[in-house]
Amino acid sequence: MANESNDVYKTRGQWAGHLGFILAATGSAIGLGNIWKFPYITGVYGGGAFVIVYLACVLLVGLPLMMAELMIGRRAQCNPVGAFQKLHRKGSLWQLTGWLGVVSGFLILSYYSVVAGWSMAYIFKALSGFSGSAEQIVGQFDILQNSAGTSFLWHSFFMLLCIGIVIGGIQKGIERWSRILMPSLFLILLALMFYGLFATDGGTAALSFLFKPDFSKLSAEGVLSALGHAFFTLSLGMGAMITYGSYMKKDRSILKDAITVSFLDTLIALMAGIAIFALVFQYGTEPNAGPGLIFATLPVLFAETGPWISVPFFILLSFAALTSGISLLEVVVSYFIDQRNWKRSTATLVLGGAIWFFGMLSAVAVWKVPVNILGENQGFFAFFDVLTTNYMLPLGGLLTCLFIAWRMKDKDRIGEFGSSGKLYSVLKFVLRFITPIALLMVLLHGLELLPFMDYGP
Ligand code: PHE
């Protein structure tokens with residue numbers, strides 16, 4: 001076994017320290033999804049009951065799928081496309097799942113980077129202080145969104161950071177930066193949460209909004225969103241965990257590490273929820289503002305709290321986005337390194353550059369998708385978001401799940417899981433039946449094909 005790892009180590013990058021994988025994988029998982037999306041969808045779907053359903057989804061869908069991806073990645077020791085070929089056979093159609101992941105990574109990063117750019121722009125807005133009437137502050141977000149030049153500039157800056165880190169490789173790039181960014185992120189969030197809990201009058205209201213379930217507020221729509229969000233937030237369905245798993249050492253327990261990563265991801269989302277809703281309730285604002293909660297509603301409240309709270313908040317958001325951005329880029333880059341034998345520097349520059357260029361479509365808000373496929377007159381930003389989150393990721397997750405549960409050899413699965421006992425049987429059962437059914441429902445819902453839902457005319 002030791003020899004096997006040493007051989008692999010010579011040819012392929014591997015996480016160095018004990019915590020290397022945990023920090024990098026939580027870095028991928030914790031992102032805009034936790035700090036921007038989770039609080040706003042919780043607000044929209046009514047709080048406590050949504051949170052409970054979300055927790056159940058992380059346990060039943062997220063965790064098993066994360067283990068599945070890590071097992072595939074570590075077994076195959078390569079990028080998602082190569083992994084499906086290696087574990088099945090060359091030319092196997094399963095490699096399309098890997099392809100779907102690489103393309104999803106490319107598309108997600110192209111618009112993710114635009115939002116990440118906004119959060120960096122907001123660090124500077126926060127530094128100079130939010131002032132003026134509520135309308136004026138909210139209006140700033142519209143101005144930023146619609147100013148193609150500024151959005152593109154910040155998007156470029158974010159992509160440059162991602163490229164700079166990924167080019168350094170697994171240990172000297174991704175792991176090193178995760179070691180710095182993740183603990184800083186945690187400390188900032190801890191401080192903001194304590195501020196929300198003890199220095200504002202909104203703390204108690206925030207806790208009861210998040211943790212006191214009122215099931216009458218829960219809709220079928222809410223349940224499906226919780227399901228969809230559970231695997232977006234854990235970076236599943238596109239091969240990010242296959243890729244990160246391929247750099248994992250053989251002696252790490254996939255079960256334990258996947259639990260740790262899912263737990264930390266959930267913890268951070270809940271902490272962000274507390275910090276944000278405490279402010280929202282302190283100033284008597286409605287929690288259901290939607291996507292503008294962070295960039296429009298919060299700045300109005302930050303005008304009261306001052307830069308001591310707002311600056312760290314947007315730094316937190318930017319750090320979270322950066323560690324996710326690098327994992328998206330790594331998936332694409334690792335394909336070109338493994339399958340096409342490109343040098344890391346070439347692959348990172350060329351693909352990072354291509355994503356940057358393609359991201360222009362999302363940065364320029366006035367450009368619309370020429371054909372109305374996923375909604376009328378949509379901008380590219382919304383189009384790529386819906387395309388990836390509602391269709392490509394659930395499909396990728398579903399195929400990955402079917403592959404590991406029905407196609408991968410028992411020997412390979414057990415080899416990675418580490419035992420064939422009761423827990424293994426439970427995992428196999430969940431991956432065979434529960435997770436695929438749940439993912440199929442998310443997918444059918446995205447296609448507006450679920451028989452018991454009312455999709456209107
Ligand atoms: N998990 C990240 C977030 O919560 C997004 C992401 C999705 C990153 C897929 C990598 C892969 O923001």
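Counting starts at 1 for both ligands and their atoms, in listed order. Atom set for the values below is all heavy atoms of this structure, side chains included, hydrogens, waters and symmetry mates excluded. Here the structure is a predicted model, which is why all the values come from computation and not from measurement.
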Check: Val53 and Cys57 side chains under 4.5 Å, non-hydrogen atoms: yes

Report every pair formed by an N or O atom of ligand 1 and a protein N or O atom separated by less than 3.5 Å, giving atom names and the distance to 0.1 Å.
from, atom 1, to, atom 2, distance (Å)
ligand 1, 1 (N), Ser28, O, 3.3
ligand 1, 1 (N), Ala29, O, 3.0
ligand 1, 1 (N), Phe232, O, 2.9
ligand 1, 1 (N), Thr233, O, 3.1
ligand 1, 1 (N), Ser235, OG, 3.0
ligand 1, 4 (O), Ala29, O, 3.0
ligand 1, 4 (O), Gly33, N, 3.4
ligand 1, 4 (O), Asn34, OD1, 3.3
ligand 1, 12 (O), Leu32, N, 3.1
ligand 1, 12 (O), Gly33, N, 2.8
ligand 1, 12 (O), Tyr112, OH, 2.6

Aromatic ring pairing Phe295/Trp36, orientation class (parallel under 30°, perpendicular over 60°, tilted between): tilted

Tyr122 and Phe141 aromatic ring geometry - parallel, tilted or perpendicular at 30°/60° bounds: perpendicular

Under-4.0 Å salt bridge between Arg344 and Glu330: yes

salt_bridge(Arg74, Glu69) N-O dist < 4.0 Å: no

Row check, Phe232 ring normal vs Lys37 NZ/CZ: under 6.0 Å, within 45°: yes

